[in-house]
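Below, all heavy atoms of this structure are taken into account, side chains as well, without hydrogens, waters or symmetry copies. Positions are given from 1 along the sequence.
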Amino acid sequence: MGNSALKAHLETAQKTGVFQLTGKGLTEFPEDLQKLTSNLRTIDLSNNKIELLPPLIGKFSFLKSLVLNNNKLTALPEELCKLKKLETLHLSGNHLRQLPAAFGQLSALKTLSLSGNQLRTVPTQLCGLRHLDVVDLSKNQIQNVPDTVGELQAIELNLNQNQISQISVQISHCPRLKVLRLEENCLELSMLPQSILSDSQISLLAVEGNLFEIKKLRELEGYDKYMERFTATKKKFA
């Protein structure tokens with residue numbers, strides 16, 4: 001990719017507020033973007049080979065959407081957490097093992113995708129995010145869901161294709177959680193908290209592909225209550 005091509009992209013981005021450069025084999029974050037810290041609302045650098053996100057990312061104070069799917073990121077800089085207007089963060093298909101300590105400062109965040117990384121637990125930092133709607137943690141190496149999950153504000157939590165064998169009963173206390181996806185994990189029926197069925201807001205529970213037959217779920221106490229919520233929600237979307 002030549003300089004003239006990059007220059008053309010920068011000129012377009014200056015007008016539109018969108019910088020999109022995907023699948024170009026980039027190995028680093030384009031430093032020239034610094035010139036547009038006050039213009040850019042969206043940066044999409046998916047399907048490249050970027051290994052590091054530089055600290056200068058913290059200067060894009062108007063950024064609403066950052067998309068870095070399918071790169072080679074192993075860590076994120078603390079400076080990322082300065083992006084107070086960031087609403088959408090897509091980091092699927094990288095090599096992330098954890099999130100920066102200050103991640104909870106991304107106060108405007110609504111959508112977070114971390115599918116296909118190397119996380120081993122549900123990051124506690126997510127519990128401080130008050131506007132979070134959708135969290136995708138599928139295809140990681142998560143083995144259990146800790147007590148802190150009860151403070152998560154998300155409406156949808158996707159934990160499909162992990163190695164989860166334990167879930168804290170606190171998950172049924174999530175104030176806004178409506179959709180919980182746990183397909184293709186290592187759950188025994190006895191490890192699924194019954195309060196998810198009897199005493200939660202969850203109206204869609206996806207648990208196919210675990211260590212029990214789905215029909216056994218129907219025998220659990222609270223299943224009728226869950227079905228009432230499921231049916232009521234289905235009518236809403238119909």
Side-chain angles (χ1 to χ4, degrees), residues 6 9-10 13-14 16-24 26-142 148-149 151-154 156-158:
L6 182 60
H9 276 279
L10 288 169
Q14 191 163 2
T16 62
V18 178
F19 185 83
Q20 187 177 30
L21 200 55
T22 60
K24 297 290 184 199
L26 293 181
T27 53
E28 47 191 51
F29 186 88
E31 293 238 324
D32 284 347
L33 285 183
Q34 284 186 82
K35 300 168 188 162
L36 301 177
T37 47
S38 57
N39 299 67
L40 290 183
R41 303 293 186 270
T42 299
I43 296 176
D44 183 354
L45 295 166
S46 296
N47 303 313
N48 282 295
K49 295 174 181 167
I50 298 168
E51 293 179 22
L52 278 176
L53 199 52
L56 69 89
I57 191 67
K59 294 180 181 167
F60 293 87
S61 45
F62 297 97
L63 201 62
K64 284 193 164 182
S65 174
L66 179 59
V67 186
L68 290 159
N69 293 333
N70 303 320
N71 275 282
K72 295 184 183 294
L73 298 170
T74 54
L76 300 169
E78 287 288 340
E79 287 80 1
L80 176 70
C81 309
K82 293 180 183 169
L83 301 178
K84 295 284 184 259
K85 296 203 165 155
L86 195 67
E87 293 177 7
T88 305
L89 180 57
H90 287 290
L91 294 161
S92 294
N94 280 282
H95 308 296
L96 299 169
R97 291 170 185 271
Q98 58 194 45
L99 297 179
F103 198 82
Q105 292 174 12
L106 290 169
S107 49
L109 203 60
K110 290 179 181 173
T111 305
L112 174 64
S113 178
L114 287 160
S115 177
N117 278 281
Q118 293 167 19
L119 299 172
R120 292 182 176 274
T121 181
V122 176
T124 51
Q125 296 95 315
L126 302 184
C127 297
L129 298 167
R130 293 280 164 252
H131 299 287
L132 208 51
D133 289 336
V134 180
V135 183
D136 186 353
L137 299 171
S138 61
K139 299 181 185 171
N140 276 280
Q141 295 157 20
I142 298 169
T148 46
V149 75
E151 293 165 44
L152 190 69
Q153 299 287 326
E156 174 168 345
L157 176 60
N158 185 342

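Here the side chains of L56 and T37 are not in contact, with every heavy-atom distance at 4.5 Å or above. H90 has its side chain within reach of T111: a pair of non-hydrogen atoms, C-beta onward, lies under 4.5 Å apart. Within the 4.5 Å cutoff, no side-chain heavy atoms of L52 are placed close to those of F29. With contacts defined as side-chain heavy-atom distances shorter than 4.5 Å, the pair L114/L99 qualifies. Contact annotation: the side chain of I57 approaches that of L66 to within less than 4.5 Å [non-hydrogen atoms, C-beta and beyond]. Within the 4.5 Å cutoff, side-chain heavy atoms of S107 are placed close to those of K84. Counting heavy atoms from C-beta on, the side chains of K110 and V134 never come closer than 4.5 Å. Proximity of L80 to L89: side-chain heavy atoms (C-beta onward) are separated by under 4.5 Å at one or more points.
Shown here are the side chain to side chain donor-acceptor pair (under 3.5 Å) partners of E151, two or more places apart in sequence or in another chain: there are none.
Between the side chains of S138 and S115, a donor-acceptor pair is found at a separation under 3.5 Å.
Rounded to the nearest 0.5 Å, atoms CG (L33) and NE2 (H9) are 11.0 Å apart. Note that OG1 of T148 is 9.5 Å distant from CD of Q125, once rounded to the nearest 0.5 Å. The CD atom of E87 sits 5.0 Å away from the NZ atom of K64 when rounded to the nearest 0.5 Å. Interatomic distance, SG of C127 versus CZ of R130, reported as 8.5 Å (0.5 Å rounding). Atom CD of E79 is separated from atom NZ of K59 by 10.0 Å, given to the nearest 0.5 angstrom. To the nearest 0.5 Å, atoms CD1 (I43) and CG (L63) are separated by 4.5 Å.
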Side chain to side chain contact (heavy atoms under 4.5 Å, CB included) for S46 and N70? Distances and angles first, verdict last. CA-CA 6 Å; S46 296; N70 303 320; 5.7 Å; no

List the steps, then state whether side chain to side chain contact (heavy atoms under 4.5 Å, CB included) holds for F103 with L109. CA-CA 10 Å; F103 198 82; L109 203 60; 4.0 Å; yes

Could you walk me through whether L6 and L21 pass the side chain to side chain contact (heavy atoms under 4.5 Å, CB included) test, one step at a time? CA-CA 9 Å; L6 182 60; L21 200 55; 4.1 Å; yes

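Residue P77 comes nearest to L53 through the heavy atom pair CG-O, 3.3 Å, listed as atom of the first residue, atom of the second, then distance. A pairwise comparison of heavy atoms in H131 and A108 identifies CB-O, 4.4 Å as the closest pair. The heavy-atom pair separating A13 from L40 by the smallest distance is CB-CD2, 3.8 Å. In plain terms, the two heavy atoms of L45 and N48 that are nearest each other are O-ND2, 3.0 Å.
One N or O on the side chain of N117 and one on the backbone of H95 form a donor-acceptor pair closer than 3.5 Å. At distances below 3.5 Å, not a single donor-acceptor pair connects side-chain atoms of Q14 with backbone N or O atoms of L36. N140 places a side-chain N or O within donor-acceptor distance of the main-chain N or O of Q118, the cut-off being under 3.5 Å. Checked by atom type and distance alone, the side chain of N71 pairs as donor or acceptor with a backbone atom of K49 at under 3.5 Å.
Within 6.0 Å of CD on Q34 lie more than 12 heavy atoms contributed by other residues, nucleotides or ligands.
Checking each of T74, I50, L76, L73 against N94 for a side-chain contact (heavy atoms from CB on, under 4.5 Å) leaves exactly one that passes, namely L73.
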